[in-house]
2 protein chains.
Amino acid sequence: MAPLKHRVLQVADCPSRLLLDELADKWSVLIFAALNDGPMRFNEIKRTLEGITQKALTQTLRRLERNGIVARRVVETSPIAVEYSMTTLGKSLKKPFKALYEWTLVNLPEVETARQVFDIKSAR
Amino acid sequence: MAPLKHRVLQVADCPSRLLLDELADKWSVLIFAALNDGPMRFNEIKRTLEGITQKALTQTLRRLERNGIVARRVVETSPIAVEYSMTTLGKSLKKPFKALYEWTLVNLPEVETARQVFDIKSAR
DNA sequence: CAGAATCCGTATCGATACTG
DNA sequence: CAGTATCGATACGGATTCTG
């Protein structure tokens, strides 16, 4: 994390923190991962992310769109088609996200061991 | 983000995703930043992170402890003292977190521009 | 000092119904 | 197809009180 001089991070309403909150939540990361392989349509994303409701998908896509991470393009066919894709800004997020994701892949075993130790300790 | 072969990421109950949810939430990142400068006592952290309640602080510290990110050490003085510190595992999170944080520092202006554009569009 | 326990309002979420 | 609108359940956060 940032060194001490970045004490701004410790303020709850720091803009960077608020931004992280909007980008790093559960569904955002999953949508991000899906769209990184290319544009997708609304129901296509919904099928890919089993478990998400259309409400949650709409809300999350709107937020990502508002923050300039994904682009929304309406195709005026009948029935209508809406295609979502990553913006250039969104694509630049790939590297930091990937680093974080790979940390979990590498360290998950150690985390799971820690959990077992903790749970056994707290059981008594 | 991970390439397509990491399709596991798209499953909602993927262990890596669940882990990210536990580590990347609002207060965890702030506590993480605070402890990176050295061990701290309970109320010391509380004072540093203005705005956090005891309840939230306790809950978050417990979760970080359970995941092996922070260590809890009781000093049997009177009154009691409890010191929290980063584990080796926790310290290894610094790099990926920092990368993400620096992305927000660099790209926040562009995000804010995108927000203004979006808000103006949706106003009409 | 470092918490555990409790109460309570609200923000969030899923399910459902409806629409251009 | 791609949403919007609504409603009830509930998970969650904050404030408060109490304790070793």
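By convention in this document, chain letters (A, B, ...) are assigned in the order of the sequence lines, proteins followed by strands, and residues within each chain are numbered from 1.
Rounding to whole angstrom units, CE of residue B:Met40 and C1' of C:dC1 are separated by 16 Å. When rounded to the nearest whole Å, the span between CD1 of A:Ile31 and P of D:dA2 equals 14 Å. Between the P atom of C:dG3 and the CG atom of B:Leu57 lies a distance of 8 Å, rounded to the nearest Å. Summarising the geometry, the separation between CG on A:Asp21 and P on D:dG13 is reported as 12 Å, rounded to the nearest angstrom. Across the protein-nucleic acid pair, B:Glu44 atom CD and C:dG3 atom P stand 13 Å apart, rounded to whole Å. Following rounding to the nearest Å, A:Asp25 (CG) and C:dT12 (C1') show an atom-to-atom distance of 12 Å. In this entry the distance linking CD of A:Glu22 with P of C:dT12 reads 11 Å, nearest Å.
B:Pro109 and B:Val106 make their closest contact through CD-O, 3.5 Å (heavy atoms, listed as atom of the first residue, atom of the second, distance). For the residue pair A:Ser28 and A:Leu64, the shortest heavy atom distance occurs at OG-CD2, 4.1 Å. Here the shortest heavy-atom pairing between A:Leu105 and B:Ser16 reads CD2-OG, 3.5 Å.
Among residues two or more places apart in sequence or in another chain, the side-chain hydrogen bond (donor to acceptor under 3.5 Å, both in side chains) test is passed with A:Arg47 by none. Every residue two or more places apart in sequence or in another chain was checked for a side-chain hydrogen bond (donor to acceptor under 3.5 Å, both in side chains) with A:Asn43, and none qualifies. Residues satisfying the side-chain hydrogen bond (donor to acceptor under 3.5 Å, both in side chains) criterion with A:Arg115, sequence neighbours excluded, are B:Asn67.
The bend of the helix from C:dC1-D:dG20 to C:dG20-D:dC1, defined by the angle between the axes of its first five and last five pairs, stands at 50° to the nearest 10°.
When hydrophobic clusters are built by joining Ile, Leu, Val, Met, Phe, Trp and Tyr residues whose side-chain heavy atoms come closer than 4.5 Å, directly or via intermediates, B:Val82 is grouped together with B:Val70. When the side chains of ILVMFWY residues are joined at heavy-atom separations under 4.5 Å, either directly or via intervening members, B:Ile69 and A:Val117 end up in two distinct hydrophobic clusters.
A:Arg63 places a side-chain heavy atom less than 4.5 Å from the side chain of A:Asp25.
Classified by interplanar angle (parallel below 30°, tilted 30° to 60°, perpendicular above 60°), the ring pair B:Tyr84/B:Phe42 is tilted.
Atoms NZ and CG, on B:Lys98 and B:Leu100 in that order, are 13.5 Å from each other to the nearest 0.5 Å.
In the region residues 59-78 of chain A, proximity to DNA chain D at under 4.0 angstrom, judged on heavy atoms, holds for A:Arg62, A:Arg72.
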(message) For a quick check, with a 4.0 angstrom heavy-atom cut-off, what is the B/S/- contact string for nucleotides 14-20 of chain C, read 5' to 3'?
(response) BBBB---
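Here A:Arg41 reaches the OP1 or OP2 of D:dA2: one of its side-chain N or O atoms lies under 4.0 Å away. Contact between the side-chain N/O atoms of B:Tyr84 and the OP1/OP2 oxygens of C:dC1 is not found at any separation under 4.0 Å.
Nearest to the side-chain atoms of A:Asn43 among the listed nucleotides D:dC1, D:dT4, C:dA2 stands D:dC1.
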